[in-house]
Student: 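The structure under discussion is supplied below as structure tokens; questions concerning it will follow.
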Number of protein chains: 2
Amino acid sequence: MPKRGKKEEAAKDGEGVPPKVPKASPAPQYEDPPLREETPGGRRWTLKVTSWNVDGLRAWVKKGGAQWVQEEAPDVLCLQETKCAGPSVPPEVRGLPGLPHQFWASAEGKPGYSGVGLLAKTEPLKVTYGIGAPEHDSEGRVITAEFPSLFVVSAYVPNAGRGLVRLEPRLRWDSAFLEFLRGLDAQKPVLLCGDLNVAHQEIDLCHPGSNRASAGFTPQEREGFSRLLGAGFVDSFRRLYPEARGAYTFWTYLGGARARNVGWRLDYFVLSRRLADDALCDSKIRSAVPGSDHCPITAYLAM
Amino acid sequence: MPKRGKKEEAAKDGEGVPPKVPKASPAPQYEDPPLREETPGGRRWTLKVTSWNVDGLRAWVKKGGAQWVQEEAPDVLCLQETKCAGPSVPPEVRGLPGLPHQFWASAEGKPGYSGVGLLAKTEPLKVTYGIGAPEHDSEGRVITAEFPSLFVVSAYVPNAGRGLVRLEPRLRWDSAFLEFLRGLDAQKPVLLCGDLNVAHQEIDLCHPGSNRASAGFTPQEREGFSRLLGAGFVDSFRRLYPEARGAYTFWTYLGGARARNVGWRLDYFVLSRRLADDALCDSKIRSAVPGSDHCPITAYLAM
DNA sequence: CGTGCAATG
DNA sequence: CATTGCACG
């Protein structure tokens, strides 16, 4: 989605090769504060959920992603952009200790495109696929697991595409997805995890000014996210850290963006308000973890 | 072209993982004899020509192919399967010391397919592309350089394809190519270099028995090569080493074939008979040189 | 098994 | 600058 040219970064260094990591970084590296172990009400966390856009599950495994997950040891793991059908899931993932219940969705007729996974320590009561909208349910973008006290949704929201060629279907998705989440929320609290493919506010990306017409930061996509919040959902990270700058979860591979923290916050834990109020302990961004062009995020809830 | 199954190699080792390099190699490693510096008539070599199917020029450069060529220091270098249009030739090749005159041909409308090159120390009198047969001249398979005393032809003969799906056009090629070479030979002696995509006799591949219906060893392709020899051309290597076994220039990447010398002799220097009689000093196979699924070959002529 | 493409991000 | 699948070998 960030298809910015080099102009923003091209320093006027004369003839020399521009340094890959300029001394004065345009955005500060995000400093991750210590874990908040409890809710404001003093309840200690009992549920740990990690979400990660892996940008190709098989390559991610080779880069040690599964190893990191094992150390992180979440109770639920939500993966996006697996680019991998269920039968091709590598054994290193199938055998992840503590996550025996695994569910996979992939795009029909488009091998290597999209795809999400949801892995859990305990068996869900029920698992569903998609959002109940035929237009959007053939690309392996959503898995919903119902647990006794909440729904967990692993979602990979469609990218609006270069030149915004797929902005219209994306906006239709936003509406349909919101209705889907409302439906869940009417039953039980919802924990939505994943790559929502939008940076909500200017603070959520490094270069807001030059990205007003870029996929992931158009007014329409941002409004879609605002409507989600208006419908009784909470952006967990931003609630806890309203002023945090440079907190990104995605950096394009192009031009060494990650080393300079030229990034976007595209990955979220979005919670039903009552869950955010009662259960949210912390929402972490694991900026330093390699393995993908996105980093993992982890939420801690007191259930 | 070798699409043999694993059955030939699958040893009955019981449960164990079969070793990649069995102790008893089915074909001996080829032992390259010392260079013959002179013709039988006692004339010392003055022209050194190297030919190599590089299987992708850009990858080959990264694997040090250009470096090896620099050390080999031929007067003429013929490359096949460059998979690279002229403008994409890497600078390491463009700047090869001693080979300033460079000519490139590539497949029209099929980027990354086929392609040949011819590089020379001295400027050719004339360079032509193709073989004068419209059916065959759009794939970048032949470059002919005319020098004062001979033609040098860099050729990548079309593969008959898996299941011999392209055997018919290949046989038409063989006829047209022979006519083309006859026409050259009527003017000046010819040195044909390249991947002729045929193993002529049983001695020219490791597993003749199981490859009678494989591209590169069908009776029709072998007869095509026999016709070439019958038209007054000489297989330089086989003339000099009529009994040499295990002398191959290609090994499929599959199954560790190269380590076991399960190969084919597909790359040749084919000379006009008068050139073979008067000028041929040696014809070498550089079996150990890495960088492609083919190895380079080098001819030494006393011009 | 490995090349270089194409579509996608 | 990466991923995947693909055609080709």
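As a basis for the values below, the full set of heavy atoms in this structure was taken, side chains included, without hydrogen atoms, waters or symmetry mates. In what follows, chains carry the letters A, B, and so on, assigned in the order in which the sequence lines appear, proteins first and then strands, with residues in each chain numbered from 1.
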Student: When you measure from the side-chain N and O atoms of B:R58 to the phosphate of C:dC5, is any distance below 4.0 Å, counting only OP1 and OP2?
Tutor: yes
Student: I'd like to know whether A:R222 forms a salt bridge (Lys or Arg N to Asp or Glu O under 4.0 Å) with A:D204, so could you lay out the CA-CA distance, the side-chain angles of the two residues, the decisive distance to 0.1 Å, and finally the verdict.
Tutor: CA-CA 11 Å; A:R222 298 172 61 190; A:D204 295 314; over 6 Å; no
Student: Please enumerate all protein N or O atoms sitting under 3.5 Å from an N or O of nucleotides 6-8 of chain D, with distances to 0.1 Å.
Tutor:
none

Student: Report the distance from atom CG of B:N53 to atom C1' of C:dG2, rounded to the nearest whole Å.
Tutor: 12 Å
Student: Holding to side-chain hydrogen bond (donor to acceptor under 3.5 Å, both in side chains), I want the full list of residues that pass it with A:E139, two or more places apart in sequence or in another chain.
Tutor: A:K110, A:R141
Student: Expected output is a numbered-order residue list: members of residues 59-69 of chain A with a heavy atom under 4.0 Å from any atom of DNA chain D. What is it?
Tutor: A:A59, A:K63
Student: Would you indicate whether the side-chain heavy atoms of B:T50 and B:W68 approach each other to under 4.5 Å?
Tutor: yes
Student: Please give, in whole Å, the distance from C:dT8 P to A:R170 CZ?
Tutor: 17 Å
Student: Whole angstroms only, please: what is the CG-P distance between A:L57 and D:dT4?
Tutor: 9 Å
Student: Could you tell me whether A:D293 contacts a base, only the sugar-phosphate backbone, or nothing, with contacts defined as non-hydrogen atoms closer than 4.0 Å?
Tutor: nothing
Student: Going by atom type alone, with no hydrogens or angles, which donor-acceptor pairs under 3.5 Å involve a side-chain atom of residues 58-66 of chain A and a protein atom two or more places apart or on another chain?
Tutor:
{"residue": "A:R58", "atom": "NH2", "partner": "A:K83", "partner atom": "O", "Å": "2.7"}
{"residue": "A:K63", "atom": "NZ", "partner": "A:G291", "partner atom": "O", "Å": "3.3"}

Student: Between D:dG9 atom P and B:W264 atom CH2, what is the distance in whole Å?
Tutor: 14 Å
Student: Not counting sequence neighbours, which residues clear side chain to side chain contact (heavy atoms under 4.5 Å, CB included) with A:P290? List them please.
Tutor: none
Student: Starting from C1' on D:dC1, measure out to CZ on A:R258 and report it in whole angstrom.
Tutor: 13 Å
Student: Just to verify, what does B:D174 make a side chain to side chain contact (heavy atoms under 4.5 Å, CB included) with, not counting sequence neighbours?
Tutor: B:V157, B:R170, B:L171
Student: Nearest whole Å is fine: how far is C:dC1 C1' from B:L254 CG?
Tutor: 5 Å
Student: Can you sort out the partners of B:H136 under side-chain hydrogen bond (donor to acceptor under 3.5 Å, both in side chains), two or more places apart, ordered by chain and number?
Tutor: none
Student: To the nearest Å, give me how far apart CH2 (A:W52) and P (D:dT3) are.
Tutor: 14 Å
Student: Provide, to the nearest angstrom, the distance between the CD atom belonging to A:E81 and the P atom belonging to C:dT8.
Tutor: 12 Å
Student: Under the side-chain hydrogen bond (donor to acceptor under 3.5 Å, both in side chains) rule, collect the residues that match up with A:Q67, sequence neighbours excluded.
Tutor: A:E71
Student: Using side-chain hydrogen bond (donor to acceptor under 3.5 Å, both in side chains) as the criterion, list what pairs up with A:T82, not counting sequence neighbours.
Tutor: none
